[in-house]
2 protein chains.
Amino acid sequence: MKSKYTTIIDIARQLNISKSTVSRALTGHPNVKEPTRKAVLELAASMEYQRNSLALGFSKHTTNTIGIMVPEFMSTYFPSVIVGVQDVMQAAGYNVVICQQNESYESEVSNMKLLLSYRVDGIIVSHTKETRNFDHFTLAQRRGVPLVFFNRVPDDMNVPNVVVNDYEAAFQAVEHLIAIGRKRIAHLAGPESLVNTRLRRQGYLDALKKHNIPYNPDLVLSYDLTTEKVKIYMKHFLDLATPPDALFAINDPTAIAAMEVVKAKGLRIPEDIAIVGFSNDFSAQLVYPGLTTVAQPTADIGRTAAEMLLQELKAKVKNDYSIKKAPTVQLPTKLIIRESTMVKEKMKKR
Amino acid sequence: MKSKYTTIIDIARQLNISKSTVSRALTGHPNVKEPTRKAVLELAASMEYQRNSLALGFSKHTTNTIGIMVPEFMSTYFPSVIVGVQDVMQAAGYNVVICQQNESYESEVSNMKLLLSYRVDGIIVSHTKETRNFDHFTLAQRRGVPLVFFNRVPDDMNVPNVVVNDYEAAFQAVEHLIAIGRKRIAHLAGPESLVNTRLRRQGYLDALKKHNIPYNPDLVLSYDLTTEKVKIYMKHFLDLATPPDALFAINDPTAIAAMEVVKAKGLRIPEDIAIVGFSNDFSAQLVYPGLTTVAQPTADIGRTAAEMLLQELKAKVKNDYSIKKAPTVQLPTKLIIRESTMVKEKMKKR
DNA sequence: TTTTTCTGTGGGAACGGTCCCATTTTTTTG
DNA sequence: CAAAAAAATGGGACCGTTCCCACAGAAAAA
């Protein structure tokens with residue numbers, strides 16, 4: 001079965017020249033006479049020649065393609081990081097293959113193997129909430145495929161990464177709740193496996209400590225980021241003898257799901273309970289009331305990760321394997337205050 | 001520079017057998033003696049052998065990979081279609097490569113070439129709002145790469161596609177507005193290039209006609225799906241001598257952006273103006289008031305498209321090129337009524 | 001036993017490019 | 001104008017895998 005794709009050999013035969021010359025003409029090698037080059041390019045265009053990237057990557061051991069692995073893409077966070085990555089990578093002449101894990105560790109492992117089997121030149125990763133074993137990542141490193149992590153970063157791997165200061169951002173968010181007079185601040189934390197969870201919780205704890213608010217373990221729950229659990233835990237919080245007057249949620253979907261529970265119970269936001277989320281998803285400004293949250297520079301995160309990966313790729317070509325501390329870039333966050341934490345006076349002004 | 005990847009030749013050398021046998025053992029060919037197979041598999045595992053998909057695809061002319069091209073993925077619509085596609089394709093042993101066009105025609109063309117250069121076996125597509133030229137799609141067909149379209153379908157290509165009944169859904173949505181007593185129903189339509197735009201507008205027109213509401217051209221505007229334009233057009237509508245008392249928007253982001261304008265002007269939804277969107281994006285239930293919209297079975301759309309593509313791939317293998325009308329599958333929609341169109345009495349009941 | 005049919009294995013072409021190393025042709029130089 | 005240098009081209013190895021063909025040895029059928 002003859003393939004329907006034109007090859008350089010087809011072109012060479014038609015012009016009665018060698019495939020080497022055709023190859024040179026097509027890749028822009030200087031040593032080709034102008035008329036020859038012109039003839040090749042014209043024939044290639046008319047035959048709709050399309051280079052075979054498989055053959056190319058196979059032969060050159062480099063594919064000009066990078067992978068990006070994200071745990072999910074139903075919130076706007078990861079898609080917009082991806083857009084940032086594509087931005088930089090495409091400008092640098094790389095293709096970007098997107099993999100989505102549905103928060104499943106298994107998918108993560110198989111997607112990683114997939115990317116490696118396609119010999120991508122590098123990978124940008126944010127791991128799933130289930131990931132506790134990082135062997136598939138070290139495998140990539142052993143294969144000489146540079147990795148750059150963002151957002152969800154393994155804490156025992158020396159690997160370049162771009163993050164925000166989760167600790168500081170959480171600290172500020174909680175201080176904001178304290179500033180509007182809240183004393184019983186609950187925290188819905190994420191799974192222990194994520195660094196973010198631990199850093200944000202520490203920020204929460206330290207903010208309380210700074211303002212002499214005793215830490216109440218009953219008001220902190222770690223959960224698995226599923227909407228059903230938010231409902232259960234939130235009901236639990238609200239049914240306490242002395243329920244919380246504020247909630248700091250690990251992320252916006254959590255905060256929004258929590259808001260539903262609060263509203264269903266007939267309580268008012270922020271009067272009865274003020275709520276703060278994290279990441280400034282697109283929906284944060286849509287919910288009613290508007291959700292106060294920590295904005296992350298998503299597109300910048302993607303762009304920065306891409307630039308770091310380009311650095312790594314360049315270093316690799318130069319065989320620069322100096323073993324030094326992998327770089328960590330921290331990008332700034334910004335607390336966006338909306339109605340979900342607006343004290344009375346301010347609300348009236350609107 | 002020796003590659004760091006293990007090859008079947010490395011394995012063959014170590015075991016002192018031929019690479020053919022190694023290949024057979026690894027692919028599960030029956031004609032391999034049990035001890036040989038075991039030895040190969042064990043050594044492969046210990047050397048962390050990973051098949052080179054480039055070499056494989058290159059040699060076999062089939063990559064077991066399909067592409068999916070979506071115009072954007074900041075709304076929840078396309079991501080959730082993608083999840084449906086991955087679901088089916090992965091179960092069938094295919095890999096899925098995701099491409100995102102940022103609504104740019106140029107990206108669409110270059111992504112198409114990219115996918116073809118990687119020799120994907122098939123492609124699932126929803127084209128961008130800018131796409132008016134479909135040569136890059138027919139190119140794929142000429143190359144023998146089957147296409148399946150969904151949602152945004154070119155109307156002059158005989159190609160399998162999965163859609164919803166946009167006409168009918170729009171008709172129902174507008175009838176609903178009429179049922180709650182609205183007479184001056186505006187319509188923010190999408191770009192002319194999309195079939196959806198035309199079908200939904202026709203549904204709108206016919207619903208008006210059926211209920212003897214004269215068509216007022218001043219109340220219908222086509223636009224390019226950018227938020228800024230929604231603002232301009234919506235302001236224009238509201239500033240009319242007799243402004244509309246209802247809006248049927250081409251999609252949810254449009255409806256939501258329109259709501260902002262209405263609220264900013266101090267008008268009430270639905271009392272002053274009732275609003276209906278399309279697609280039931282995740283945000284439709286979050287906005288205040290909740291947005292009435294036409295729900296599309298997104299995951300099913302993805303699954304169905306994937307199944308159709310699998311059909312095509314099977315047909316291709318069997319060389320079944322019977323030229324018949326390409327199948328169109330229409331999936332059901334459902335009008336979801338929320339507060340943005342709830343008449344007074346019903347609202348009080350809550 | 002002899003012939004035929006399996007079974008298991010090895011050898012090598014093929015896939016479509018790149019790239020190094022001739023070799024030929026053209027240009028420059030002494 | 002011959003020799004040297006540069007430019008343009010051709011030849012063929014190579015990349016990792018599959019798969020067809022050949023063939024040896026074993027098992028089954030005659």
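In what follows, chains are A, B, ... by sequence order, proteins preceding strands, each numbered from 1.
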Checklist entry - Side-chain N or O of Ser18(B) less than 4.0 angstrom from OP1 or OP2 on dG10(C)? => result yes
Item to check | Thr21(A) side-chain N/O to dT9(D) phosphate OP1/OP2 under 4.0 Å | outcome: no
Checklist entry - Between dC14(D) atom C1' and Leu54(A) atom CG, what is the distance in whole Å? => result 17 Å
Item to check | Polar side chain donor-acceptor pair, Arg24(B) to Ser20(B), under 3.5 angstrom | outcome: no
Checklist entry - Rounded to the Å, how far apart are Ile9(B) CD1 and dA13(D) C1'? => result 13 Å
Item to check | Under 4.0 angstrom between Tyr5(B) side-chain N/O and dT17(D) OP1 or OP2 | outcome: no
Item to check | Net bend of the helix from dT1(C)-dA30(D) to dG30(C)-dC1(D), end axes of five pairs each, nearest 10 degrees | outcome: 40°
Item to check | Ring center gap for Phe58(A) and Phe58(B) short of 6.0 angstrom | outcome: yes
Checklist entry - Considering heavy-atom distances to DNA chain C, does Lys33(B) or Gln50(A) have its closest nucleotide positioned more toward the 5' end? => result Lys33(B)
Checklist outcome for this item: Between CZ of Phe58(A) and P of dC15(D) the distance, given in whole Å, is 8 Å
Checklist entry - Is it true that the NZ or CZ of Arg132(A) lies under 6.0 Å from the centre of Tyr105(A)'s six-membered ring and within 45 degrees of the ring axis? => result no
Item to check | side chain to side chain contact (heavy atoms under 4.5 Å, CB included) partner of Leu309(A), chosen from Val88(A), Ile68(A), Ile124(A), Val85(A) | outcome: Ile124(A)
All N/O contacts under 3.5 Å from nucleotides 19-23 of chain D to the protein, with atom names and distances to one decimal?
unit_1, atom_1, unit_2, atom_2, d
dC19(D), N4, Ser20(B), OG, 3.4

Item to check | Arg152(B)/Glu103(B) under salt bridge (charged side-chain N to carboxylate O under 4.0 Å, His left out): CA gap, chis, key distance, verdict | outcome: CA-CA 12 Å; Arg152(B) 299 182 182 178; Glu103(B) 289 284 16; 3.0 Å; yes
Item to check | Asn151(A) side chain vs Ser126(A) backbone, donor-acceptor pair below 3.5 Å | outcome: no
Checklist entry - Over how many whole Å does the gap from His61(A) atom NE2 to dC19(C) atom P extend? => result 12 Å
Next on the checklist: Whole angstroms only, please: what is the CD1-P distance between Ile8(A) and dG10(D)?
Outcome noted: 12 Å
Next on the checklist: Tell me whether Thr65(B) contacts the main-chain N or O of Val96(B) through its side chain, where contact means a donor paired with an acceptor under 3.5 Å.
Outcome noted: no
Item to check | Nucleotide dG16(D), atom C1' - distance to CG of Asn52(B) in whole Å | outcome: 6 Å
Next on the checklist: Taking 4.0 Å as the cut-off, does a side-chain nitrogen or oxygen of Tyr118(B) come that near to OP1 or OP2 on dG16(C)?
Outcome noted: no
Next on the checklist: Quick one, Thr7(B) with Tyr49(B), criterion side chain to side chain donor-acceptor pair (under 3.5 Å). Give me CA distance, side-chain angles, the key distance, then yes/no.
Outcome noted: CA-CA 7 Å; Thr7(B) 73; Tyr49(B) 169 77; over 6 Å; no
Checklist entry - Expressed in angstrom and rounded to an integer, what is the separation of Leu26(A) atom CG from dT9(D) atom P? => result 13 Å
Next on the checklist: Classify Ile17(B) by what it touches in the nucleic acid, base, sugar-phosphate, or nothing, heavy-atom distance under 4.0 Å.
Outcome noted: sugar-phosphate
Checklist entry - For dC15(C), does OP1 or OP2 lie under 4.0 Å from any side-chain N or O of Thr7(A)? => result no
Checklist entry - Say you draw a straight line from OG of Ser80(B) to CD1 of Ile301(B); how long is it, rounded to the nearest 0.5 Å? => result 8.0 Å
Item to check | Rounded interatomic separation in angstrom, taking OH from Tyr49(B) and C1' from dT17(D) | outcome: 7 Å
Next on the checklist: More than 12 heavy atoms of other residues, nucleotides or ligands under 6.0 Å from CZ of Arg303(B): yes or no?
Outcome noted: yes
